[in-house]
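To keep things clear, I will list the structure first and then write my remarks on it.
Order of appearance sets the numbers: ligands from 1, and atoms from 1 within every ligand.
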Amino acid sequence: MSDTIKTDVLIVGAGPIGLFAVFELGLLDIKAHLVDILDKVGGQCAELYPEKPIYDIPGIPFITGHGLSDALMRQIKPFGPTFHLGEMVTTLEKIGDPLFRVATDRGKVFETKSVVIAAGGGSFQPKRPPINGIEPYENTSVFYAVRKMDAFRDKRLLIVGGGDSALDWTLNLQPIAKRLTLVHRRDEFRGAPDSVNKMRALVAAGDMDLKIGQVSGLEGGDGQLSACSVKGNEVDTMLPFFGLTMKLGPVADWGLKMEDELIPVDTAAFETSMRGLFAIGDINTYPGKLKLILSGFHEAALMAQKAHRYVYPDKKLVFQYTTSSTNLQKKLGVA
Ligand SMILES: Cc1cc2nc3c(=O)[nH]c(=O)nc-3n(C[C@H](O)[C@H](O)[C@H](O)COP(=O)(O)OP(=O)(O)OC[C@H]3O[C@@H](n4cnc5c(N)ncnc54)[C@H](O)[C@@H]3O)c2cc1C
């Protein structure tokens with residue numbers, strides 16, 4: 001297990017609300033680390049509707065999900081947040097008043113004065129393909145994510161799916177795999193046309209195989225795959241990309257009072273029943289709650305004011321505007 005990482009605030013979730021929380025905390029000199037299961041920031045905006053337009057962000061008549069994530073990243077850059085992507089927060093323990101110990105599934109441990117749960121609809125988890133007997137192979141020769149490309153070097157790889165993830169990983173892994181086969185149920189792909197063209201060019205050049213059909217069975221033993229029921233296919237590693245689904249996940253085990261899988265909070269600071277533990281964005285509930293990005297932004301601003309008391313118990317907080325405060329402008333790097 002790694003050394004404990006000490007921070008002012010740990011944010012669970014790097015969706016739009018977790019990202020904006022970095023900004024509001026940063027203005028108050030509060031440093032943040034963020035953890036997200038996804039390998040990218042932006043939460044639902046980045047994962048579920050990157051190309052779709054959002055029309056109700058105040059002052060921005062039109063922006064795509066991807067565009068909003070990018071803009072938020074630019075806005076929080078001056079505050080240098082530390083991201084831990086591709087990791088799930090699994091445990092949260094109260095060890096002081098307030099002080100928390102938080103751990104991830106990859107063995108990182110944080111000690112933090114406050115925790116902000118910005119976990120949205122919960123953790124994004126891969127959809128399991130409908131293949132009988134797939135479970136014994138999972139995490140030994142069937143993987144739902146690529147954490148280290150090199151783990152797939154010189155393997156006979158089978159990638160299953162027709163979306164961007166399947167195509168992107170086909171293009172990235174083809175050069176290092178012993179042989180790569182892409183399987184999709186029909187000869188039409190949902191992924192970006194440019195990726196589809198590149199994949200077809202590799203097939204035409206004989207550098208990879210494309211099979212139209214479905215994987216219905218697996219062969220092997222002791223978790224090691226040797227073949228699958230796509231005709232004539234010897235395979236030792238399979239990567240199914242069937243999209244992601246949202247599940248509440250470990251948040252439910254952190255000893256918090258929950259209502260319909262949501263965390264009740266007060267509306268003065270969006271704090272939970274535990275001092276120093278906040279919940280903002282889609283994961284919280286209170287009378288009149290609207291699951292909108294703009295509501296989460298407001299919640300982040302109020303949360304930061306209260307978190308300041310825990311991080312700097314002896315400092316008085318003076319309210320300031322970014323338009324007129326040279327102090328804030330210096331922090332933003334514009335004065
Ligand atoms: C199709 C669609 C269209 C939408 N259109 C609009 C719109 O036009 N306007 C609008 O205001 N809203 C819209 N929304 C809603 C908006 O996307 C959400 O309100 C917003 O994403 C909530 O942000 P969030 O940061 O709270 O949560 P999310 O965006 O859900 O992000 C939460 C993040 O937390 C991570 N996470 C969860 N649990 C853990 C854990 N244990 N460890 C590590 N990471 C964890 C997740 O992986 C995720 O990345 C739309 C939603 C959808 C699905």
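Distances shorter than 4.0 angstrom do not occur between any heavy atom of Gly296 and any atom of ligand 1. Using a 4.0 angstrom heavy-atom cutoff, Gly249 does not count as in contact with ligand 1.
One distance of note links CZ of Arg275 with NZ of Lys306; it measures 7.5 Å at 0.5 Å rounding. Going from atom CZ of Phe23 over to atom CG of Leu28 covers 10.0 Å, rounded to the nearest 0.5 Å.
For ligand 1, none of its N or O atoms has an N or O atom of Leu38 under 3.5 Å away. Residue-to-ligand polar distances place Asp282 within reach of ligand 1: an N/O pair is separated by less than 3.5 Å. The shortest N/O to N/O separation between Pro53 and ligand 1 does not fall below 3.5 Å.
In plain terms, the two heavy atoms of Gly13 and Leu34 that are nearest each other are O-CD2, 4.0 Å. For the residue pair Asp39 and Leu85, the shortest heavy atom distance occurs at O-CD1, 3.7 Å. For the pair Ala32 and Ile11, the tightest heavy-atom approach, listed with the atom from each and the gap, is CB-CD1, 3.9 Å.
Atoms of ligand 1 lying under 4.0 Å from any heavy atom of Glu87, numbered from 1 in the order shown and given with element: 43 (C). For ligand 1 and Gly281, the ligand atoms under 4.0 Å from any heavy atom of the residue are 26 (O). Of all atoms in ligand 1, numbered sequentially from 1 with element shown, those under 4.0 Å from a heavy atom of Met88 are 41 (N), 42 (N), 43 (C). Listed by number with element, the atoms of ligand 1 under 4.0 angstrom from any heavy atom of Phe124 are 46 (C), 47 (O), 48 (C), 49 (O). With ligand atoms numbered from 1 in the order given, ligand 1 contributes 19 (O) to contacts under 4.0 Å with heavy atoms of Lys291. Taking every heavy atom of Gly121 and a limit of under 4.0 angstrom, the matching atoms of ligand 1 come to 30 (O). Every atom of ligand 1 with a heavy atom of Ser123 under 4.0 Å away is listed here by number and element: 37 (C), 38 (N). Each of the atoms 43 (C), 44 (N) of ligand 1 lies under 4.0 Å from some heavy atom of Val35.
Protein heavy atom closest to atom 50 (C) of ligand 1, with residue, atom name and distance, is Tyr49 OH, 3.4 Å. Nearest protein heavy-atom contact of atom 11 (O) of ligand 1 is Ile293 N, 2.8 Å. Atom 34 (O) of ligand 1 has as its closest protein heavy atom Gly13 CA, 3.2 Å. With hydrogens left out, the protein atom closest to atom 8 (O) of ligand 1 is Ile54 CG2, 3.5 Å, a heavy atom. For atom 38 (N) of ligand 1, the closest non-hydrogen atom of the protein is Ala119 CB, 3.5 Å. Scanning all protein heavy atoms for the shortest distance to atom 39 (C) of ligand 1 gives Ile37 CD1, 3.7 Å. In this structure, the protein non-hydrogen atom closest to atom 27 (O) of ligand 1 is Gly120 CA, 3.1 Å.
Relative to atom 25 (O) of ligand 1, the option among Asp105, Ile17, Ile117 with the closest non-hydrogen atom is Ile17. Between atom 9 (N) of ligand 1 and the options Ile63, Leu68, Asp56, the minimum heavy-atom separation is to Asp56. For atom 37 (C) of ligand 1, the nearest non-hydrogen atom from the set Gly18, Gly122, Gly15, Ala118 belongs to Gly122. Among Leu290, Val41, Val89, Leu294, the residue whose heavy atom lies nearest to atom 41 (N) of ligand 1 is Val89.
When non-hydrogen atoms are compared, ligand 1 lies under 4.0 Å from the backbone of Gln44 as well as from its side chain. With a 4.0 Å heavy-atom cut-off, ligand 1 is reached by the side chain of Val12 but not by its N, CA, C or O. Of all the heavy atoms of Leu292, the ones lying under 4.0 Å from any atom of ligand 1 are found in both the backbone and the side chain. Contacts between Asp36 and ligand 1, counted as non-hydrogen atom pairs separated by less than 4.0 Å, involve both the backbone and the side chain. Here Met246 has side-chain heavy atoms under 4.0 Å from ligand 1, and that is the only part of it that gets that close. When heavy-atom distances to ligand 1 are checked against a 4.0 Å cut-off, Pro16 comes that close through both its backbone and its side chain.
Ionic pairing of Arg156 and Asp236 is present here: one or more N-O contacts between side-chain nitrogen and carboxylate oxygen are shorter than 4.0 angstrom. A salt bridge links Lys198 with Asp194: the distance from a Lys NZ or Arg NE/NH1/NH2 to an Asp or Glu carboxylate oxygen falls below 4.0 Å.
When ring centroids are compared, Tyr312 and Tyr310 stay outside the 6.0 Å threshold. A distance of 6.0 Å or more separates the ring centres of Tyr144 and Phe241. Annotation: His84 is in aromatic contact with Phe110 [ring centroid separation under 6.0 Å]. The ring of Phe143 has its center closer than 6.0 angstrom to the ring center of Phe152.
When atom types are taken as modelled, the side chain of Thr140 and the backbone of Tyr137 share a donor-acceptor pair closer than 3.5 angstrom.
Under the 30°/60° scheme for interplanar angles, the aromatic rings of Phe20 and Phe297 are found to be tilted. Using a 30° and 60° split on the angle between ring planes, Phe62 and Tyr55 fall in the tilted class, from 30° to 60°.
Sequence neighbours left out, the pairs with a member in residues 116-129 that pass side chain to side chain donor-acceptor pair (under 3.5 Å) are Ser123-Gln125, Arg128-Glu138.
Residues passing the side-chain hydrogen bond (donor to acceptor under 3.5 Å, both in side chains) test with Glu87 are Thr104, Lys108, sequence neighbours excluded.
Counting only heavy atoms from C-beta outward, the side chains of Ile54 and Ile293 approach each other to under 4.5 Å.
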